[in-house]
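To start, the structure itself, in structure tokens.
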There are 2 protein chains.
Amino acid sequence: MARTKQFEVENVLDAAVGLFWKKGYHATSANDLVEHLGVSRSSLYDTFGDKRNLYLQALHQYRKRIIGRHLYLIETATDLKETLEAIFSLIIEQDIDDFHPRGCMLVNAATEMAAVDEDVAAIVRGNQWDLQKAWEMAIKKAQYQNELRTDINPKSTAAAIYNAIIGMRVALKTEQEQATLDGIIRQTLRLLD
Amino acid sequence: MARTKQFEVENVLDAAVGLFWKKGYHATSANDLVEHLGVSRSSLYDTFGDKRNLYLQALHQYRKRIIGRHLYLIETATDLKETLEAIFSLIIEQDIDDFHPRGCMLVNAATEMAAVDEDVAAIVRGNQWDLQKAWEMAIKKAQYQNELRTDINPKSTAAAIYNAIIGMRVALKTEQEQATLDGIIRQTLRLLD
DNA sequence: TTGATAACGGAACAAACGTTCCATAACCCC
DNA sequence: GGGGTTATGGAACGTTTGTTCCGTTATCAA
């Protein structure tokens, strides 16, 4: 039998998410990782392979932890407009770390990596598909229960909602007036009128 | 008198835009620049200072060239919905280079750099302000000319339109079904109904 | 034609990069 | 309490990074 690991893989992945989320892939160095994850260089490479692999696993972790909460909110929604507002609030709240905006790790990954890394692109696409489908289903359900006009197209409305959320996550990267954010939210909610 | 430059600064900046747009700041190396701009290392540093400075100037160039066309379209618009559709088309068309998506250089800059580089953030914010103001003015003008309902809020609608366009530029980073893009466009146009 | 100036090409720089290697330490089954 | 196995710490690897330096070349006013 062999020596046991001195760290929890899940914890280290969470820490890696924190770094990659804030700084992106290229600007996060191997030294940064060793320093902040509390794991020695050799153990890092033993456990996660190379830097790119660690990044991909961190991206999965982010999706599980952060986006998972959004999916849950959408799937258990009773009032769609309330839910959309809640998700906007959640996004604004999740964005700030030490007063520095991080945006959304998946959006950052899309703009930095997706064009040149098919694995990253696949994760981003998977996430998009999940969220759009969740919205589409929620809209259909609300229509079935007569809580929403039936002349609203579930698919394109879902796509537009997802799209607005992505836009918001980029906007947060540069500080915004609250009034502008509120305006975007208000107008996006009109999609569900 | 001194020897004359063997290149046009504007042309070199355009080439730098091409590189930074596609690969971002960190993934574009000094060697890449020397190789693709057709200018020797020393001339590059003589003319543009360091890499970051060249990036900032390239970002300005991008804004002047690419976003300038959008501003022109908005300011000379006669039919707002038509104009918005035209801009979406322009974006989709500008996005592809060698069958590789580049997104929008300003969006890429926002997600990669804005949180850690105040000068980049300032350029991004300036761009946002210009475009949102242009939309807001165009909306007010259309309302004044009775071409648009007056119960539409110019400011928040402008913010929402800008936001949707940003979202689209991220979406293009991963290949999209045309139907999804069309859906987003169709729903965004509803903001002007 | 000369001379002051600035652009040029290319070698060279130190620092940082991602990654590998190895001797040592810890673990559990037998 | 060995023995086989894996984790660990730290030194070291070869590359690539962004930048500088310098000898040479081109320019034009005097």
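So you know, we letter chains A, B, ... as the sequences are listed, proteins then strands, and number each from 1. Just so it is clear, the structure is predicted and the values come from calculations on it, not from any experiment.
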Under 4.0 Å from OP1 or OP2 of [N]: is there any side-chain N or O of [X] that close?
X	N	value
Ser29(A)	dC17(C)	yes
Ser40(A)	dG9(D)	yes
Ser43(A)	dT8(D)	yes
Ser42(B)	dC8(C)	no

Do Ile67(A) and Met137(A) sit in the same hydrophobic cluster, where Ile, Leu, Val, Met, Phe, Trp and Tyr count as joined when their side-chain heavy atoms come under 4.5 Å apart? no

Can you tell me which nucleotide in [options] comes closest to the side chain of [X]?
X	options	result
Ala30(A)	dG18(C), dA7(C), dC28(C)	dG18(C)
Arg41(A)	dA7(C), dA11(D), dT8(D)	dA11(D)
Arg3(B)	dT17(D), dA25(C), dA6(C)	dA6(C)

Does the side chain of Glu112(A) pick up a donor-acceptor pair with the side chain of Asn108(B) at under 3.5 Å? no

Aromatic rings Tyr25(B) and Phe20(B): how do their planes relate, parallel, tilted or perpendicular, breaks at 30° and 60°?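 Ring orientation of Tyr25(B) relative to Phe20(B): parallel.
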
Nearest-Å distance for atom pair [atom1]/[atom2], residues [X] and [N]:
X	N	atom1	atom2	answer
Leu33(A)	dG18(C)	CG	P	8 Å
His26(B)	dT16(D)	NE2	P	19 Å
Phe7(B)	dA26(D)	CZ	C1'	14 Å
Tyr55(A)	dG18(C)	OH	C1'	17 Å
Leu44(B)	dG10(C)	CG	P	14 Å
Leu37(A)	dG18(C)	CG	P	13 Å

With DNA chain D as reference, determine whether Asp46(A) or Asn31(B) sits nearer its 5' end, using the nearest nucleotide of each.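 The residue closer to the strand's 5' end, by nearest nucleotide, is Asp46(A).
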
Residue whose nearest DNA chain D nucleotide is more 5′ - Gly38(A) or Ala2(B):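 It is Gly38(A), whose closest nucleotide lies nearer the 5' terminus.
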
Can a donor-acceptor pair be found, under 3.5 Å and without considering hydrogens, that links the side chain of Thr76(B) to the backbone of Tyr72(B)? yes

Looking at Arg149(B) and Asp151(B), is any side-chain nitrogen of the basic one under 4.0 Å from a carboxylate oxygen of the acidic one?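 Yes, this pair counts.
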
